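Quick notes on the structure that follows.
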Amino acid sequence: PVDHISILDHPTAKSTLLLLTLSEGKNRQIRRMFHALGSGVMQLARVQIGRDCGLTLEGIEEEGQWRILSDEEVQTALSWQPRMLVDKKNRPRPKQRNNKSKQQQRPLT
């Protein structure tokens, strides 16, 4: 469902620039909606993911680019606690098992 739609500009007689807000969407939903109205979509750009979570696509200029989310974005948008990475030198080591079967094996001669 469309939450908000506004006309931003009419660059040519046959084109209109819109700002469209969806609260939930599926792949190609916007294109299919305009096709059902007898219109097409020439260019489509996603500018934000999520309504109140503040995830923007700022800094991503080309298709296929990505960026690492900040800890705050992960906590706010995804409700996840980011993992704390531990230095390998200070990482706790797993307990060694006392495996008698290995001790009982004799070397091949």
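These numbers come from a predicted model, not from an experiment. Here, residue 1 is the first one in the sequence, and each next residue gets the next number. The basis for the numbers below is simple: all heavy atoms, side chains too, and nothing from hydrogens, waters or symmetry mates.
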| query | Measuring from Leu18:CG to Ile5:CD1, what's the distance to the nearest 0.5 Å? | reply | 5.0 Å

| request: To the nearest 0.5 angstrom, please state how far the CG atom of Leu17 sits from the CG atom of Leu8. | output: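 Output value for this atom pair is 4.5 Å.
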
| query | What about Leu22 and Leu19, same hydrophobic cluster or not, with Ile/Leu/Val/Met/Phe/Trp/Tyr joined at side-chain heavy-atom distances under 4.5 Å? | reply |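 No, it is not one cluster - the side chains of Leu22 and Leu19 are not joined through contacts under 4.5 Å.
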
| message | Can you give me the closest heavy-atom contact between Glu73 and Leu69, atom names plus distance? | response | OE1-CA, 3.3 Å

Considering only distance and modelled atom types, tabulate donor-acceptor pairs under 3.5 Å from the side chains of residues 34-44, sequence neighbours left out.
none

| Hydrophobic cluster mates of Trp66, side-chain heavy atoms under 4.5 angstrom, ILVMFWY only, any path? |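 Its cluster mates, by chain and number, are Ile68.
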
